[in-house]
Amino acid sequence: MRVVPVVIPRLVTLVACVAVPCATASADPISLRAAVETALAHHPNLERGAADHDVAAARIGRARSAYLPHINLQASGRDDYQDPSDFTSSANMLGFANQFIYSGQVAVSQLITDSGLTKAQLEGARANEQQAHAQLVVSELDVELGVVQAYLGVLQNKELIDVSTGAIALVDEQLKRATALYKATMRPEIDVLSAQTQLAQAQLTLERDRNSVAAALVVLQNAMGTNEPRVVDVLPVDINPLAEEGKVADELTATSLGQRPELAALRDSINAADAAAHVAQTRTLPTVSVQAGAYTSGGVQPPLLGLAQWTPALGAFGLLAVNWDLYLGRDNYYELAGAHAQARSARAELELEKQAITSSVSQAALAVQIAREALTVATSTKTLAERQLQLAKARYDSGVGNFVELNDARSGLVNVERQEVMARYSLAASRVALARELGRGPAGLATKQ
């Protein structure tokens, strides 16, 4: 009967070695700052956002280029051949009636005015560039939040490993006490067997926590958006309280509405839609430009009796051009209607985002308050559980208490310790979430432990 409880811990150890091969990996741990910097430098979402911003910035230069002079070069040439019909003339002999004709022109044109069309297009390009920049800032904050949350997840599971290790030490102490009392015929054998079973269960919990750490490291690696460097461990950090934690929800909402980059992006989208409407309004207005240049043309006939005939021509020109589209088939009408509709949609989206922020900020502030209260309760309960275990040990050693009482006190303390760890990291996660809701980088709350 005593063989089975001894085999279980060994079996657990064997399973642990197979399930967690990465536990023996040796490499330097990564700091939170380094993890965030790696994500900001390599995350694909940020690379895509930066590319979108560069595209929008290039459109500004393209719109501005309408103000610059344009230089155009044109050249052409053709070889004409006429089938001779008069064979009595030597000039019309077969093969000598063809002619090469050429022309070329260099022109410089400069826009004088397009009645505000280019200005409106430039305003729209700038609004789109600002919107792309604001969206990039939003993506950076989201990526940073994901890294910090994943980092805290690794730290939480590592501390749960410490709790499980302490639980094994408590059970091992309990097993030794039960074994000594059993040998002294003061306690029954079932106490020893029960303690061995509890030891096996504690070891299984430890291995589950180790597997949770390995899984959390994978989550952190994914949050960083890169496979290099390979994350194998992290460094302890503390998450400091926010200065705004004591403020009411209305004050927090006002702070958030003034700092959130999402709102700036939506305001820029409204400006872009208004600029598009301005573009549609100016399409039917006149455009004035000037053009000047030089040209050449002529023809070359094949040599006849050793003499070639060349008739060149050179010239220069200048013109003032006025272009006025009086009617575009209502194209500009529908373009204007679409731009106004897009502006209304952007304004509605802005209001919806404000409402969502008002709700999410209140929820984030409430989460911080609840987590703080939960941590206070867990801490006080832990003190009571420690005292209860001391009394249970004394009662068990004196023969007054029983094994069930001692086991309940021990497992109660372990559970409270796990709850205290989770409550502490729940508070940290709530604080970084509130920082993100206020439009700030959550990594700024972290300090070395």
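These numbers come from a predicted model, not from an experiment.
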CA sep, side-chain torsions, deciding dist, call: E129, R126, salt bridge (charged side-chain N to carboxylate O under 4.0 Å, His left out)
CA-CA 5 Å; E129 185 272 336; R126 286 171 176 165; over 6 Å; no
Using a 3.5 Å distance criterion without hydrogens, assess whether the side chain of S65 forms a donor-acceptor pair with backbone atoms of R62.
yes
Can you find a heavy atom in the side chain of V234 that is under 4.5 Å from one in the side chain of K158?
yes
Carefully, step by step, assess R208 and T205 under the rule side-chain hydrogen bond (donor to acceptor under 3.5 Å, both in side chains).
CA-CA 5 Å; R208 282 196 297 266; T205 301; 3.1 Å; yes
Around atom CZ of F317, are there more than 12 heavy atoms of other residues, nucleotides or ligands at under 6.0 Å?
yes
For D331, which residues count as a salt bridge (Lys or Arg N to Asp or Glu O under 4.0 Å) partner, sequence neighbours excluded?
none
Answer yes or no: does atom CG of L320 have more than 12 heavy-atom neighbours from other residues, nucleotides or ligands under 6.0 Å?
yes
Within this structure, what is the CD1-CG distance for the pair I370 and L427, rounded to the nearest 0.5 Å?
11.5 Å
Main-chain N/O of A313 paired to T296 side chain as donor or acceptor, under 3.5 Å
yes
Under the side-chain hydrogen bond (donor to acceptor under 3.5 Å, both in side chains) criterion, do R418 and S164 qualify, and how do the steps go?
CA-CA 9 Å; R418 296 181 70 90; S164 296; 3.1 Å; yes
Rounded distance (nearest 0.5 Å) linking atom CG of N407 with atom CD of Q174
5.5 Å
Donor on one side chain, acceptor on other, S256 and E437, under 3.5 Å
no
Would you say S115's side chain and P286's backbone share a donor-acceptor pair under 3.5 angstrom?
yes
Given 3.5 Å as the limit, does a donor-acceptor pair link the side chain of Q110 with the main chain of Y67, or not?
yes
Are L117 and T287 packed together at the side-chain level, in the sense that at least one heavy-atom pair is separated by less than 4.5 angstrom?
no
One thing to verify: whether E351 and R347 come together as a salt bridge, which I'm taking to mean a side-chain N less than 4.0 angstrom from a carboxylate O.
no
Who pairs with H53 by ring-ring contact (aromatic ring centres under 6.0 Å, His included), at least two apart in sequence or on another chain?
H133
Can you confirm whether N271 sits close enough to E123 that some side-chain heavy atom of one is under 4.5 Å from a side-chain heavy atom of the other?
no
Distance, nearest 0.5 Å, that separates CG of D408 from CG of L413
12.5 Å
Any side-chain heavy atom of T197 within less than 4.5 Å of one from Q201?
yes
Looking at Q342, is its backbone amide N or carbonyl O close enough to the side chain of S345 to form a donor-acceptor pair, meaning the two atoms are under 3.5 Å apart?
no
Nearest 0.5 Å please: distance from the CD atom of Q281 over to the OH atom of Y333.
13.0 Å
Tightest non-hydrogen contact, residues K247 and L252, listed as O-CD1, 4.0 Å
Short question: side chain of D172, backbone of I168 - any donor-acceptor pair under 3.5 Å?
no
Decide side chain to side chain contact (heavy atoms under 4.5 Å, CB included) for N157 and I161; before the verdict, give the C-alpha distance in whole Å, the side-chain angles of both, and the deciding distance to 0.1 Å.
CA-CA 6 Å; N157 285 287; I161 287 181; 5.9 Å; no
Reported CG-to-OG distance for the pair L266 and S269, which is rounded to 0.5 angstrom:
5.0 Å
Sub-3.5 Å donor-acceptor pair from the side chain of Q198 to the main-chain atoms of V171, do we have one?
no
Considering all heavy atoms of both residues, which atom of V163 and which atom of V421 are nearest to each other, and what is their separation?
CG2-CG2, 3.9 Å
Stepwise side chain to side chain contact (heavy atoms under 4.5 Å, CB included) test for L242 and L438
CA-CA 10 Å; L242 283 82; L438 296 178; 3.8 Å; yes
For the residue pair L46 and E140, what are the closest heavy atoms and their distance?
CD2-N, 3.5 Å
If I compare all heavy atoms of I239 with all of R431, which pair ends up nearest, and what's the gap?
O-NH1, 3.7 Å
Is D142 paired with R436 through a side-chain N to carboxylate O contact shorter than 4.0 Å?
yes
What's the shortest heavy-atom distance between V368 and S430, and which atoms?
CG2-O, 3.4 Å
Counting only heavy atoms not in E47, do more than 12 sit closer than 6.0 Å to its CD atom?
no
Looking at CD of E420 and OG1 of T381, how far apart are the two atoms once the value is rounded to the nearest 0.5 Å?
10.5 Å
Shortest non-hydrogen pair, A423 vs L375, comes out as CB-CA, 3.9 Å
Residues, nucleotides or ligands: over 12 heavy atoms within 6.0 Å of R372 CZ:
yes
Taking it one step at a time, do L122 and I60 satisfy side chain to side chain contact (heavy atoms under 4.5 Å, CB included)?
CA-CA 6 Å; L122 185 58; I60 296 178; 3.8 Å; yes
Check each of R260, E144, E244 against R440 using the side-chain contact (heavy atoms from CB on, under 4.5 Å) test, and report the only one that passes.
E244
Verdict with supporting geometry, M224 and Y151, side chain to side chain contact (heavy atoms under 4.5 Å, CB included)
CA-CA 10 Å; M224 292 167 56; Y151 200 95; over 6 Å; no
Heavy-atom check, side chain of Q74 versus side chain of S103, under 4.5 Å
no
Heavy-atom side-chain proximity of Q135 to D52 below 4.5 angstrom:
no
Please tell me if the side chains of N222 and V219 come closer than 4.5 Å, counting only heavy atoms from C-beta onward.
no
Can you confirm whether T376 sits close enough to E373 that some side-chain heavy atom of one is under 4.5 Å from a side-chain heavy atom of the other?
no
